[in-house]
Amino acid sequence: MPRVIINYMKYKPNQKNRLLPPLLSLAGSTPNLNPSSLMATRTDSESGPDNRTTNTITTTDNPAQVAAPPIYHLSFNQNHTCFSVGLQNGFRVFDADPFKPSFSRESDTHGGIGLVAMLYRSNLFCLVGGGPNPIYPVNKVMVWDDHAFQCIGELSFRSEVKNVKIRRDMIVVVLNQKIYIYNFLDLKLLLQIETDLNPNGLCEISQNSSPMVLVSLGLKEGQIRVEDFGSKKSKFVMAHDSRVVCMSLTQDGRLLATASTKGTLIRIFNTLDGTRLQEVRRGADRAGIHSLAFSSNAQFLAVSSDKGTVHIFSVKVDSGSLASLTNDRSHVASDTIHSILSSFSLFKGVLPKYFSSEWSVAQFRLPEGLRHFVVFGNQKNTIVIIGMDGSFYRCEFDPVAGGEMIQLEYHNFLNVENF
């Protein structure tokens with residue numbers, strides 16, 4: 001049974017996605033490691049009580065001037081307005097669109113952060129240690145309040161934490177073969193889920209829907225599990241013949257995209273009943289899929305892989321059209337879905353599957369072999385890409401003409417000097 005330590009009592013999630021006022025720290029147990037070792041460095045661009053103005057970003061690409069630290073973790077927040085970087089001596093947060101440094105928390109003990117989960121643009125984070133000298137044990141999730149400047153809660157497990165997902169009302173902790181769901185208000189355990197081996201910590205949760213929809217690996221290879229907290233029912237779907245390595249969920253939890261170890265086909269499912277709605281082809285050769293992301297309106301899907309190309313696909317199933325099915329998740333008109341699919345599969349069944357596949361409408365080339373993560377930007381028809389080498393790209397695509405995307409912005413966020 002996981003061990004829980006709490007030294008806060010009255011947490012109310014902020015609904016405006018801005019920095020919260022300091023939380024009241026009440027008497028209780030504190031983590032074994034000293035959180036005060038995290039030293040604060042804020043830029044003038046950081047939003048918060050001071051409301052200061054933004055300064056010019058200064059970067060350098062000269063290795064002799066700045067030794068780039070190793071990156072242990074990269075992730076975006078829930079609405080993709082920020083991204084967090086776990087480093088060997090703490091973590092940093094950047095604004096994503098437009099790019100600018102927000103703040104950094106560095107440790108005087110040089111302890112590594114292997115996982116950072118940020119709650120929108122609030123002062124609440126979930127942190128897990130990482131690297132050869134982790135600041136926190138890798139089997140603990142520390143709830144960090146950046147205004148109180150201390151850890152206000154702790155979740156301890158018997159094995160390494162692989163991933164953490166958070167929303168305003170819940171914390172989801174992913175282990176190698178188990179997932180724990182907690183109430184964010186009091187860290188009360190709500191549910192435990194058994195999964196297949198999950199070394200990558202695959203799990204996705206809806207952000208805009210209430211109750212929550214959670215998607216994880218199932219109990220065998222290629223299977224996914226959809227947990228509906230409204231109906232309190234679980235669905236198991238065979239998504240692929242081989243192991244699932246990447247997944248993404250729309251904000252409302254209605255559409256799910258998955259990729260397997262083959263990396264050639266991306267499949268889109270209806271989470272209401274597990275129906276496969278669409279299949280798109282990344283390429284003919286095997287590839288390691290690094291990230292999948294839906295646009296906020298669920299009209300497009302972005303895919304990054306170790307082949308060095310980011311693809312944009314058109315999603316031909318309208319997530320909004322599924323709204324009428326929300327109140328009855330067990331009944332879906334399969335004939336209607338098949339009709340939708342046939343409307344954009346003119347040659348399906350006539351030509352070989354490879355030639356009748358749906359291909360990407362836009363592409364952007366990156367160095368091969370590096371790990372990159374992609375999301376859609378706040379500006380229309382834009383994407384944001386971050387890489388484990390410190391690269392940041394913002395690009396624009398033409399949804400009608402398609403083709404190669406236009407690079408709008410590039411930075412190396414490891415070499416930002418004005419933190």
Side-chain angles (χ1 to χ4, degrees), residues 195-196 202-204 206 209 213-228 231 233-284 287 289 291-295 298-303 305 311-326 328-361:
T195 71
D196 193 18
L202 296 183
C203 180
E204 295 294 330
S206 62
S209 66
V213 176
L214 179 147
V215 178
S216 68
L217 295 184
L219 297 173
K220 56 184 178 180
E221 186 175 274
Q223 186 184 68
I224 56 175
R225 171 176 181 157
V226 179
E227 193 73 26
D228 186 334
S231 65
K233 293 181 179 179
S234 303
K235 300 179 183 68
F236 292 89
V237 180
M238 282 305 301
H240 299 271
D241 295 331
S242 54
R243 184 167 56 90
V244 177
V245 296
C246 197
M247 59 177 64
S248 179
L249 196 63
T250 52
Q251 292 283 304
D252 59 13
R254 294 193 183 115
L255 297 181
L256 167 72
T258 63
S260 72
T261 52
K262 295 180 181 178
T264 54
L265 297 174
I266 313 299
R267 289 171 176 161
I268 300 174
F269 296 88
N270 173 11
T271 62
L272 303 178
D273 72 339
T275 305
R276 191 173 81 189
L277 303 176
Q278 190 175 348
E279 182 178 271
V280 298
R281 180 172 289 275
R282 181 213 55 81
I289 303 299
S291 68
L292 301 170
F294 285 98
S295 60
Q299 292 182 354
F300 298 99
L301 176 70
V303 180
S305 73
H311 295 269
I312 304 293
F313 296 91
S314 176
V315 177
K316 309 248 176 112
V317 178
D318 182 10
S319 176
S321 67
L322 302 176
S324 60
L325 304 174
T326 304
D328 186 5
R329 293 176 180 259
S330 62
H331 296 85
V332 175
S334 59
D335 292 341
T336 302
I337 293 172
H338 292 154
S339 176
I340 295 172
L341 293 174
S342 64
S343 68
F344 58 85
S345 302
L346 181 61
F347 299 104
K348 189 174 183 180
V350 179
L351 297 175
K353 189 174 183 180
Y354 176 85
F355 294 101
S356 61
S357 296
E358 294 179 61
W359 297 81
S360 60
V361 298

- Item | Lys235 versus Thr271, closest heavy-atom pair with distance | CD-O, 4.0 Å
- Task: Show your reasoning for whether side-chain hydrogen bond (donor to acceptor under 3.5 Å, both in side chains) applies to Arg225 and Thr195.
- Result: CA-CA 9 Å; Arg225 171 176 181 157; Thr195 71; over 6 Å; no
- Task: Taking side chain to side chain contact (heavy atoms under 4.5 Å, CB included) as the test, write out the residues that go with Gln223, two or more places apart.
- Result: Leu219, Lys220, Phe236, Met238
- Task: Evaluate the side-chain contact (heavy atoms from CB on, under 4.5 Å) criterion for residues Leu217 and Met247: first the C-alpha distance (whole Å), next the side-chain angles of each, then the deciding distance (0.1 Å), finally the verdict.
- Result: CA-CA 10 Å; Leu217 295 184; Met247 59 177 64; 4.2 Å; yes
- Apply side-chain contact (heavy atoms from CB on, under 4.5 Å) to the pair Val244 and Ser260, showing each step before the final yes or no. CA-CA 4 Å; Val244 177; Ser260 72; 5.5 Å; no
- Task: Can you see which heavy atom on Ser242 is nearest to which on Glu221, and at what distance?
- Result: C-CG, 3.9 Å
- Message: I'd like to check Leu214 versus Cys203 (side-chain heavy atoms, cut-off strictly below 4.5 Å). Are they in contact?
- Response: yes
- Message: What's the separation between atom CZ in Phe294 and atom CD in Gln251, rounded to the nearest 0.5 Å?
- Response: 11.0 Å
- Query: Do Ser216 and Glu227 touch side chain to side chain, with heavy atoms closer than 4.5 Å?
  - Reply: no
- Between OG1 on residue Thr264 and CD on residue Glu279, distance to nearest 0.5 Å: 8.0 Å
- Message: So which atom in Cys246 and which in Ser291 form the shortest heavy-atom distance, rounded to 0.1 Å?
- Response: SG-CA, 3.6 Å
- Message: As an exercise, state the distance from CG of Leu249 to CZ of Phe269, rounded to the nearest 0.5 Å.
- Response: 12.5 Å
- Evaluate the side-chain proximity of Val315 to Gln278: yes if any heavy-atom separation is below 4.5 Å, no if none is. yes
- Task: Compare every heavy atom of Ile312 with every heavy atom of Ala302, then report the nearest pair and how far apart it is.
- Result: CB-CD1, 3.7 Å
- Message: So which atom in Arg254 and which in Thr250 form the shortest heavy-atom distance, rounded to 0.1 Å?
- Response: N-OG1, 3.2 Å
- Minimum side-chain heavy-atom gap Lys316-Glu358 below 4.5 Å: yes
- Task: Please round to the nearest 0.5 Å and tell me the distance separating atom CZ of Arg282 and atom CD1 of Ile289.
- Result: 5.5 Å
- Could you tell me the separation between the NZ atom of Lys233 and the CG atom of Asp228, rounded to the nearest 0.5 Å? 9.0 Å
- Decide yes or no for His240 and Ile224: does some side-chain heavy atom of the first lie under 4.5 Å from some side-chain heavy atom of the second? no
- Qualifying residues under side chain to side chain contact (heavy atoms under 4.5 Å, CB included), relative to Ser295, sequence neighbours excluded: Asn297, Gln299, Phe300, Phe376
- At what distance, to the nearest 0.5 angstrom, does CG of Leu255 lie from OG of Ser206? 12.0 Å
